[in-house]
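A note on names: the letters A, B, ... follow the listed sequences, proteins ahead of strands, and every chain is numbered from 1.
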2 protein chains.
Amino acid sequence: MSGRAIIEAELTWRNGRFVRGEQVIIEDGLITEVGALGLEPTQRLTGQALLPGFISAHSHAFQRALRGRGETFPAGSGSFWSWREAMYALVAQLDSERFYAAVHATFAEMLAAGITSVGEFHYLHHSPAGNDFAFDELVLRAARDAGIRIVLLVTYYKTGGIGQALSEAQQRFATESQETFWRHVDALASKLDSRTQSLGVAAHSIRGVPVDEIPQLYAEARKRGMPFHMHVEEQRREIEESRNAYGETPMQLLLHRMRDFTGFTAVHATHSEPAYLQEFLARGGSVCITPLTEANLGDGIPSIAPLLARPDRLSLGSDSNARISMIEEMRWLEYAQRLRSETRGVYRDEEGRNAPRLIEYATLAGARSLGLDAGRIEPGAVADFVSIDLHARAIAEVSEEQLAEAIVFGAGDDVVHATCVAGEWR
Amino acid sequence: MSGRAIIEAELTWRNGRFVRGEQVIIEDGLITEVGALGLEPTQRLTGQALLPGFISAHSHAFQRALRGRGETFPAGSGSFWSWREAMYALVAQLDSERFYAAVHATFAEMLAAGITSVGEFHYLHHSPAGNDFAFDELVLRAARDAGIRIVLLVTYYKTGGIGQALSEAQQRFATESQETFWRHVDALASKLDSRTQSLGVAAHSIRGVPVDEIPQLYAEARKRGMPFHMHVEEQRREIEESRNAYGETPMQLLLHRMRDFTGFTAVHATHSEPAYLQEFLARGGSVCITPLTEANLGDGIPSIAPLLARPDRLSLGSDSNARISMIEEMRWLEYAQRLRSETRGVYRDEEGRNAPRLIEYATLAGARSLGLDAGRIEPGAVADFVSIDLHARAIAEVSEEQLAEAIVFGAGDDVVHATCVAGEWR
């Protein structure tokens with residue numbers, strides 16, 4: 001939307017609280033001013049509460065096409081690894097048309113769930129025709145068509161396991177060398193819709209990338225000002241394989257090879273040793289947890305003590321998109337820890353507030369992980385919002401003091417009224 | 001609904017599978033015939049799949065009024081016990097009007113989430129005026145007005161803790177003696193809407209009922225053909241207090257004092273020793289797990305190995321109703337175990353199917369726990385259904401072979417199209 005708009009919702013989320021009578025001025029897709037400005041709104045959101053749009057900092061959009069698949073276990077209990085076989089079988093079925101449809105459906109469902117930005121950790125680069133990176137542009141097109149903001153985390157993927165060649169099923173993920181990879185990344189940069197699209201880089205994992213290449217990839221991403229993501233220690237087997245090959249865990253390897261982790265998001269860190277995680281955070285690193293997917297895959301419940309002091313460093317992701325609900329992600333991030341610790345209110349802020357902290361993870365911390373000025377309703381940030389229907393059944397009788405808690409712990413996505421990306425409502 | 005109806009949905013859930021072309025004949029609120037009967041339907045549910053209505057076998061409806069409350073922790077992490085203080089504070093605020101409104105809103109929200117029967121474990125008996133059991137009839141009225149089937153589990157509550165008098169906050173739960181309790185239960189029986197209302201009995205817990213009274217209460221309930229429920233071993237402190245007072249856990253106490261547990265549902269059993277749980281099941285007992293509430297309260301993740309062989313004995317409950325979603329309850333019953341065991345497909349049937357087993361818990365096993373012929377689309381059962389919108393975004397592209405899995409693991413309550421209780425759609 002070009003031009004200027006003045007939005008006034010009944011309640012607006014500012015600094016971790018819902019407040020009344022705030023007006024938000026939007027110009028050219030950005031927030032330029034917020035406050036009780038005494039202006040006549042051009043958009044009055046009656047019966048609605050305005051939050052920053054939710055941010056899924058870690059997504060594999062095409063995996064939504066697996067929904068309902070890989071959930072039957074005739075040979076006894078399954079695992080992450082048996083799920084991966086189902087995912088590879090899906091990949092083999094995806095031509096350009098089906099891939100686009102799957103990714104577009106994911107982004108549309110994200111918007112319906114209040115997600116306005118996605119960090120798309122994209123490794124399924126090639127069409128069945130071969131080494132063409134055709135699917136990278138399809139992801140960008142699907143995001144633009146659906147209307148979601150995207151940070152395309154172009155993923156480097158070179159090995160099928162530590163020291164192993166790519167398997168047949170993994171050929172379509174292949175990036176041959178850093179040189180060709182960066183040439184491709186730079187070519188993609190010219191194809192972005194600059195209002196809503198940007199690039200980042202990912203190293204798939206210690207399984208998918210030779211460990212010595214990771215510091216180079218990271219340094220090159222930093223040089224370009226791009227966020228950097230990597231799957232780290234989601235599964236115990238990954239850690240065992242790393243110990244067997246290198247004598248160290250993946251997190252140890254990173255800590256020994258790199259000094260600074262600014263802009264580096266470790267996705268999962270489910271089985272990371274708290275001491276290493278603490279060191280990683282102290283050197284600037286961030287973590288993305290994906291509660292619904294980690295539960296679906298049976299990854300385990302992480303030890304999050306080092307994260308509690310660093311609320312800006314923990315983002316949330318919808319990951320496999322088997323189920324898309326950022327409200328459920330927030331709720332179960334907390335609930336998994338409550339179940340583990342047998343206490344309540346694990347992720348709480350200085351005032352002991354639990355829901356506002358969880359909302360911070362789903363908004364501001366996600367933006368930080370993706371290198372966006374988003375996730376806050378303040379001047380300078382992008383005009384991305386989710387509006388909540390205050391008359392929705394789940395929250396209709398709740399007072400505004402408990403509204404955030406009622407949304408996070410008591411509601412489904414049916415409380416989402418609409419979403420706005422770069423000033424455009426849908 | 002009196003008279004006869006013939007329902008034909010696009011898909012109908014029978015024996016753990018969706019099948020096409022089935023017709024369901026309903027007469028006077030009951031299913032009388034099901035099959036490919038070649039009749040012209042009077043209700044054609046195009047684009048819908050028909051499931052038995054979900055059953056919440058354990059609910060405290062009034063606690064929904066706490067939604068969003070008790071979720072801030074200024075004094076550090078909270079617990080079940082600090083939550084209980086918030087719940088007692090709510091009780092002090094509930095006059096008849098507010099109580100009715102809270103309970104009615106719960107039942108209405110349950111129906112919107114596909115729940116057609118509720119086992120209301122009801123202990124807030126008395127209005128502020130005193131020992132009048134006025135709220136028991138209000139619960140029945142709210143259920144009738146909302147249109148939900150109810151089994152009112154009239155709850156015996158005599159002590160404020162083992163060997164302790166009721167506290168001030170607990171006075172409104174009081175049942176003075178078994179004699180007056182049964183007189184009240186029998187008086188209530190005459191006030192039921194027989195099409196959709198029946199009675200059961202609950203002993204609140206080892207904290208709320210002297211252990212020697214439990215076998216008598218159970219025997220009397222059995223004599224009347226009523227289901228019997230009791231909170232058992234939700235919190236470690238309950239077990240410690242029982243050990244301190246009696247030298248045994250609550251489950252041990254029950255096993256030593258009673259032979260048969262037919263019709264006895266132990267709610268939670270979160271911290272039950274597997275060996276005792278196994279013995280309890282072998283003697284006819286059942287368990288109700290309440291995943292969303294147990295997570296919210298930080299109860300812990302139960303050891304469920306003994307339950308896996310007895311799918312008819314595990315039901316689900318919405319309990320505190322802080323969030324009402326039977327789909328989310330099913331999903332997180334499984335996911336909590338996946339997180340704990342780091343495997344996938346924990347609750348699976350003989351064919352390794354996970355979602356159908358979870359649906360069985362949410363329907364047939366719930367009916368069994370409440371003494372209802374419900375939870376199945378077969379002749380003789382009540383005509384209670386939930387219809388699923390096959391065009392809903394979360395499941396629109398899923399094939400019917402994966403539909404159950406997509407609903408359980410991939411959907412929210414927005415896939416619920418309508419519910420039917422005793423043949424009446426709403």
Using a cut-off of under 4.5 Å on heavy-atom pairs, state which of [options] scores highest against chain A.
options                                : answer
B:Ala108, B:Ala101, B:Ser399, B:Ala105 : B:Ala108
B:Pro356, B:Ala65, B:Ala112, B:Ala394  : B:Ala394
B:Ala75, B:Ala355, B:Gly76             : B:Gly76
B:Gly412, B:Gly70, B:Ser341, B:Ala411  : B:Ala411

Distance, nearest 0.5 Å, that separates [atom1] of [X] from [atom2] of [Y]:
X        : Y        : atom1 : atom2 : answer
A:Asn296 : B:Phe409 : CG    : CZ    : 7.0 Å
A:Thr343 : B:Phe73  : OG1   : CZ    : 8.5 Å
A:Glu342 : B:Leu297 : CD    : CG    : 12.0 Å
B:Arg348 : A:Ser77  : CZ    : OG    : 5.0 Å
B:Glu405 : A:Leu66  : CD    : CG    : 12.5 Å

Would you find more than 12 non-hydrogen atoms of other residues, nucleotides or ligands less than 6.0 Å from A:Glu97 atom CD?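 No, the 6.0 Å shell around CD holds no more than 12 heavy atoms from other groups.
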### Contact leader toward chain B among A:Arg236, A:Gln402, A:Gln337, A:Arg344, where contacts are heavy-atom pairs under 4.5 Å
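Most heavy-atom pairs under 4.5 Å with chain B: A:Arg344.
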key: Top contributor to chain B interface from A:Glu351, A:Glu294, A:Glu109 [non-hydrogen pairs under 4.5 Å]   =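 With the most close heavy-atom pairs to chain B, the winner is A:Glu109.
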Where on [X] is there a heavy atom nearer than 4.5 Å to chain A: the side chain, the backbone, both, or neither?
X        : value
B:Pro302 : neither
B:Asp414 : neither
B:Val346 : neither
B:Leu292 : both

Side-chain contact, heavy-atom cut-off 4.5 Å: [X] with [Y]?
X        : Y        : result
A:Arg331 : B:Arg323 : yes
B:Glu397 : A:Arg67  : no
B:Arg69  : A:Glu401 : no

For B:Trp332 and A:Pro291, work out which heavy atoms get closest and say how close.
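For B:Trp332 versus A:Pro291, the nearest heavy atoms are CH2-O, 4.0 Å.
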Q | Nearest heavy-atom neighbours spanning A:Leu339 and B:Ala336 | A |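 For A:Leu339 and B:Ala336, the tightest heavy-atom pair comes out as CD1-CB, 4.3 Å.
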field: Any donor-acceptor pair under 3.5 Å from B:Arg338 side chain to A:Asp299 backbone
entry: no
_Salt bridge flag under 4.0 Å for residues B:Arg353 and A:Glu71_ = no
